[in-house]
*Asks:* 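First the structure, then my questions, so here it is.
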Protein chains: 2
Amino acid sequence: MSAVRSRRNPINPASNTAAEQRVECRKCALFRICLPKNVDSKDLAALDAIIIRHKPASRGQFLYKSGDRFAAIYAVRSGSVKTYRSDDQGNEQICGFHLPGEMIGLDGIVGNRSTSSARFLDTAAVCEIPYHKLEDLLLQIPQLQQELTRLLSREIVVGQWQLSLLGRKKADERVAALLCNIADRLQQRGYSPSDFNLPMSRADIGNFLGLTIETVSRVLSRFQKERLIQVTGKRITLLAPAELRRLAAHDSLH
Amino acid sequence: MSAVRSRRNPINPASNTAAEQRVECRKCALFRICLPKNVDSKDLAALDAIIIRHKPASRGQFLYKSGDRFAAIYAVRSGSVKTYRSDDQGNEQICGFHLPGEMIGLDGIVGNRSTSSARFLDTAAVCEIPYHKLEDLLLQIPQLQQELTRLLSREIVVGQWQLSLLGRKKADERVAALLCNIADRLQQRGYSPSDFNLPMSRADIGNFLGLTIETVSRVLSRFQKERLIQVTGKRITLLAPAELRRLAAHDSLH
DNA sequence: CGGGGGGTTGATGAGTGTCAATACCTGTGG
DNA sequence: CCACAGGTATTGACACTCATCAACCCCCCG
């Protein structure tokens, strides 16, 4: 067990000392897109005060596990995280790859335990927002309330997008859609949308897209052969983003 | 255009007159599972007052359409509703089938317009909850706030379930999973879990499950041949629910 | 009686999963 | 610095699931 929870956490014993952890929300590079973006500056201190800013942890670490008692939601601060749910037999279905500025753990609210697990894809750091404290603030800060609700709603919309990905698209369309989606999200965050690292393994991609490793690999190779992308391991360069987008938008069934 | 919105609605001109529409939440059969279930009785009147109880409308009617300005969320009161999103080319991906007591329209919150459309699968009635009025109440009724948040979170969990359905399961497992899921939800609502009507067409089932009509039909026929179910048109009888459940839980990939 | 929509069943082939062999990459220890 | 091991990715051959196309049935409605 190697969870990065606030209490009883061996790798992060001194949560409030390291300088890095002093970065207030308003000074955080992700402020514009993160939970507190619409909170009045007068209320920001209160929110800031409940947030636990974790140090970076390494690839493979668990942030939380399916079945864990729900205690907090998390914002990715750096690196990337995958969330997945596993069934009785231990099989996994990846639910999402999460980049800096995105919130995770929202599925735990309803049942008081998480239905999914979260693991770091690379060296990554999160901000932990204890939920019972957040609930108190929601009552006092309407904008925060509103922003949380929007966040949840957005998560639903993303889920719908994923449904049409898995329900209606062929292998190459799925891969193209994922590449475009990641490119878009990177661009929102100020990174290059045409040249980036895929933080996850081929197995993760395949799992997320409902494909096998081999199919993912073949599609990427074909895209490369067709001069749509340049692949070198995890490094991806989009050579023909427009064409990829066309592919991604295509609806193959029926 | 035949939307059942509160304003400018031809089929429902007198929203506040029909006796049927006087059923208060606390007297509604769905009270235990619907939005107001945890609201204090003292606060219930205020919530009751903003709810618009629509008369039943007939199969095929739109409740809202993708792109509509977001103004309300809806609770299904009777009948059933499908929600779906459609892409540029007009192709649809069904996002869910919704039974009495379930809320829909939550995806519209984030962008101020709905990303999906909703249509009645049979004669169905909804309660409309104007969102700007609901927002006012959220500030005054913490339990309502909490319940809405849980609702949104539940929706996310349901989405994750659907992901594993489409991502990891074979045709027969998907069909079995859908049958079991509907059976469960009917049971929660006090109906027979082993003998029910599928309100949606085979095309809808196929679309939802990422399969073709023909495959759905074949799987149902095979299930019947194997004495797992009894099919007569839309009428389904589960003969071996345990075996169906085993199938539904099975994870085929890898 | 005819027409049309929805559902079933059959034949066939495309797309992707499966299995297997090989290459590559990364970190570890000598 | 190199060798090695273990995981990760690529590529190929084959099999199987499910989509496609087509014919037909059934039932409801005009």
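Numbered from 1 within each chain, the chains take letters A, B, ... in sequence-line order.
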*Asks:* Does R218(A) make a side-chain donor-acceptor contact with the base of dG12(D), cut-off 3.5 Å?
*Replies:* yes
*Asks:* Can you tell me which residue pairs pass the salt bridge (Lys or Arg N to Asp or Glu O under 4.0 Å) test with a partner in residues 201-220 of chain B, sequence neighbours excluded?
*Replies:* K82(B)-D204(B)
*Asks:* When you look at R189(A) and E102(A), which way does the salt bridge (charged side-chain N to carboxylate O under 4.0 Å, His left out) test go after all the steps?
*Replies:* CA-CA 11 Å; R189(A) 284 157 185 76; E102(A) 295 176 345; 3.2 Å; yes
*Asks:* What's the CZ-P distance between R222(A) and dT10(D), to the nearest Å?
*Replies:* 14 Å
*Asks:* Could you tell me if D122(A) and S80(A) have a donor-acceptor pair between their side chains, going purely by distance under 3.5 Å?
*Replies:* yes
*Asks:* Round to a whole Å and report the spacing from CZ of R235(A) to C1' of dC25(C).
*Replies:* 17 Å
*Asks:* Whole angstroms only, please: what is the NZ-P distance between K170(A) and dT17(D)?
*Replies:* 18 Å
*Asks:* Any side-chain donor-acceptor pair under 3.5 Å between S114(A) and D68(A)?
*Replies:* no
*Asks:* Measure the distance from CD1 on I213(B) to P on dC18(D) and round it to the nearest whole Å.
*Replies:* 17 Å
*Asks:* Once you round it to whole Å, what is the distance between P of dA14(C) and CG of D172(A)?
*Replies:* 16 Å
*Asks:* In whole angstroms, how far is the P atom of dT16(C) from the CG atom of L211(B)?
*Replies:* 14 Å
*Asks:* Counting only side-chain heavy atoms from C-beta out, which of dG6(C), dT8(D), dC18(D) sits nearest to R59(B)?
*Replies:* dG6(C)
*Asks:* Between dT16(C) and T215(A), is there an OP1 or OP2 to side-chain N/O distance shorter than 4.0 Å?
*Replies:* no
*Asks:* Taking atom CZ as the centre, does R59(A) end up with more than 12 heavy-atom neighbours from other residues, nucleotides or ligands that are less than 6.0 angstrom away?
*Replies:* no
*Asks:* Counting side-chain heavy atoms from C-beta on, which of dT20(D), dT10(D), dT18(C) comes nearest to T212(B)?
*Replies:* dT20(D)
*Asks:* Would you say a side-chain N or O of K234(A) is under 4.0 Å from OP1 or OP2 of dT8(D)?
*Replies:* no
*Asks:* Without decimals, in angstroms, what is the distance between D251(B) CG and dG17(C) C1'?
*Replies:* 14 Å
*Asks:* Quick check on dT9(C): is either OP1 or OP2 less than 4.0 Å from any side-chain nitrogen or oxygen of S221(B)?
*Replies:* yes
*Asks:* For dG6(C) and S201(B) - does any side-chain N or O of the residue sit under 4.0 Å from the phosphate oxygens OP1/OP2?
*Replies:* no
*Asks:* Considering only heavy atoms and no angle criterion, is a donor-acceptor pair shorter than 3.5 Å present between the side chain of E214(A) and the base of dC19(C)?
*Replies:* yes
*Asks:* Side chain of S217(B) only, please: which of dA9(D), dC18(D), dT9(C) is the nearest?
*Replies:* dT9(C)
*Asks:* N197(B) CG to dG7(C) P: how many Å, rounded?
*Replies:* 12 Å
*Asks:* If you assign A203(A) and A171(B) each to the DNA chain D nucleotide with the nearest heavy atom, which residue ends up on the more 5' nucleotide?
*Replies:* A203(A)
